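Written below as structure tokens is the structure these notes are about.
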Amino acid sequence: MEPSRKNGPAFRDAEHRVASARSFLAGAADYDSARPSYPRDITSLYTIKGRVLDIGAGTGIFSAVLAAAGHRVVACDPSPDMLRTLRANHPTIPAWCATAESTALRDASVDNLAAAQTWHWVDAARASAEADRVVRPSGEMLLCWNTLDVRHPWVLRLSRIMHSGDVQREGFYPDVRPPWRLRDEMRLTWIQPATPEDLFRLMATRSYWLRASDPTREKMTANLRWYLYERLGFTPGQLLPLPYRTDAFVYAR
């Protein structure tokens, strides 16, 4: 079993990409409890602090990291369910329903832009143009992803069973359009403590699961149960060192 050699997910067309992204219109509570945060070090890629727009902010996981690093965060997401959780978790962060391609902001109204676990769902040309419109001339755009570190064979098989997005090869670069150019990058590996039960919850936050039929979900659950408890011999409640990789990129004009 070989890791992905792709730079990103493969969609049949724009309609398939949009339909896949719409799976996140529900499931915010599970997403917020199961998805990990991001290493704070990646926020050092920005050269200036100020007002930053977190697009596709979801439940505010990366918004909280940005705020802790001293940025004034505003956030948008197309899912009302995600926004309800974001507002409950972070009531001081202004948040509204919008997309990366159409943020509803005025021209040059933010100092920086951020997109965590988001950019592969957007129309790269339109989102790059919208970022150029709303970010001030001296501002930057930070894109980042958390990915299961599939260099570990057991994690690679886990990712395939969970359909957890082993679609970005180590060393990938996202599709970003002019006038944006890559200024710097950071690639980190780290460990997230997790129990087997956490992995079932994590699987339930993936777009494949959210779009799947009940029989498909039952099959995925049975496969994961067999792999964790029979093949690997883990026990319920056992704390596991789950390896992650974070890839972060900052763009300027």
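Here the structure is a predicted model, which is why all the values come from computation and not from measurement.
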Would you say [X]'s side chain and [Y]'s backbone share a donor-acceptor pair under 3.5 angstrom?
| X | Y | answer |
| --- | --- | --- |
| S159 | L156 | yes |
| D77 | T59 | no |
| R201 | S33 | no |
| R206 | M162 | no |
| N146 | S37 | yes |
| E197 | G237 | yes |
| N112 | G139 | no |
| R136 | A108 | yes |
| W119 | A124 | no |
| Q192 | P36 | no |

For [X] and [Y], work out which heavy atoms get closest and say how close.
| X | Y | answer |
| --- | --- | --- |
| T43 | A69 | OG1-CB, 3.5 Å |
| V73 | S63 | CG2-O, 3.8 Å |
| A248 | L45 | CB-CD1, 3.8 Å |

Which class fits the ring pair [X] and [Y]: parallel under 30°, tilted 30 to 60°, perpendicular over 60°?
| X | Y | result |
| --- | --- | --- |
| F249 | F172 | perpendicular |
| W121 | F24 | perpendicular |
| F200 | Y229 | parallel |

Checklist entry - Are D41 and S44 linked by a side-chain donor-acceptor pair shorter than 3.5 Å? => result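 No, no side-chain donor-acceptor pair sits under 3.5 Å.
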
Next on the checklist: For T85 and D32, which I'm curious about, is there any donor-acceptor pair between the side chains at under 3.5 Å?
Outcome noted: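 No pair is found: no donor N or O on one side chain lies under 3.5 Å from an acceptor on the other.
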
Checklist entry - Which residue, V250, V176, V52, forms the side chain to side chain contact (heavy atoms under 4.5 Å, CB included) with M141? => result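 Between M141 and the candidates, side chain to side chain contact (heavy atoms under 4.5 Å, CB included) is satisfied uniquely by V176.
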
Item to check | Among D198, T195, L199, I191, the one residue meeting side chain to side chain contact (heavy atoms under 4.5 Å, CB included) with L242 | outcome: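 Single side chain to side chain contact (heavy atoms under 4.5 Å, CB included) partner of L242 among D198, T195, L199, I191: L199.
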
Next on the checklist: One pair to check against salt bridge (charged side-chain N to carboxylate O under 4.0 Å, His left out): D111 and R51. What are the steps and the verdict?
Outcome noted: CA-CA 5 Å; D111 298 291; R51 189 175 189 235; over 6 Å; no

Next on the checklist: Among residues at least two apart in sequence or on other chains, which ones pass side chain to side chain donor-acceptor pair (under 3.5 Å) with D247?
Outcome noted: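 With neighbours one apart ignored, the set is R187, R245.
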
Item to check | Residue list, side chain to side chain donor-acceptor pair (under 3.5 Å) with R72, at least two apart or on another chain | outcome: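 So R72 forms no side chain to side chain donor-acceptor pair (under 3.5 Å) with any residue.
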
Checklist entry - Which pairs, with at least one residue in residues 50-81 and sequence neighbours excluded, count as a ring-ring contact (aromatic ring centres under 6.0 Å, His included)? => result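 Every pair satisfying ring-ring contact (aromatic ring centres under 6.0 Å, His included) with a residue in residues 50-81: Y38-F62, Y46-H71.
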
Checklist entry - Do W226 and M220 sit in the same hydrophobic cluster, where Ile, Leu, Val, Met, Phe, Trp and Tyr count as joined when their side-chain heavy atoms come under 4.5 Å apart? => result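 Yes, W226 and M220 fall within the same hydrophobic cluster.
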
Next on the checklist: Do Y31 and L83 land in one hydrophobic cluster if side-chain heavy atoms of ILVMFWY residues count as linked below 4.5 Å?
Outcome noted: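 No, no single cluster joins them.
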
Checklist entry - Step by step, would you call R217 with W209 a side chain to side chain contact (heavy atoms under 4.5 Å, CB included)? => result CA-CA 6 Å; R217 291 181 179 183; W209 171 280; 3.6 Å; yes

Next on the checklist: With side chain to side chain contact (heavy atoms under 4.5 Å, CB included) as the criterion, how do S164 and L158 come out once you've worked through the C-alpha distance, each side chain's angles and the decisive distance to 0.1 Å?
Outcome noted: CA-CA 8 Å; S164 63; L158 173 70; over 6 Å; no

Item to check | Stepwise side chain to side chain contact (heavy atoms under 4.5 Å, CB included) test for E130 and I55 | outcome: CA-CA 11 Å; E130 178 70 351; I55 60 170; over 6 Å; no

Item to check | Carboxylate-amine/guanidinium proximity below 4.0 Å for D107 and R133 | outcome: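 Yes.
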
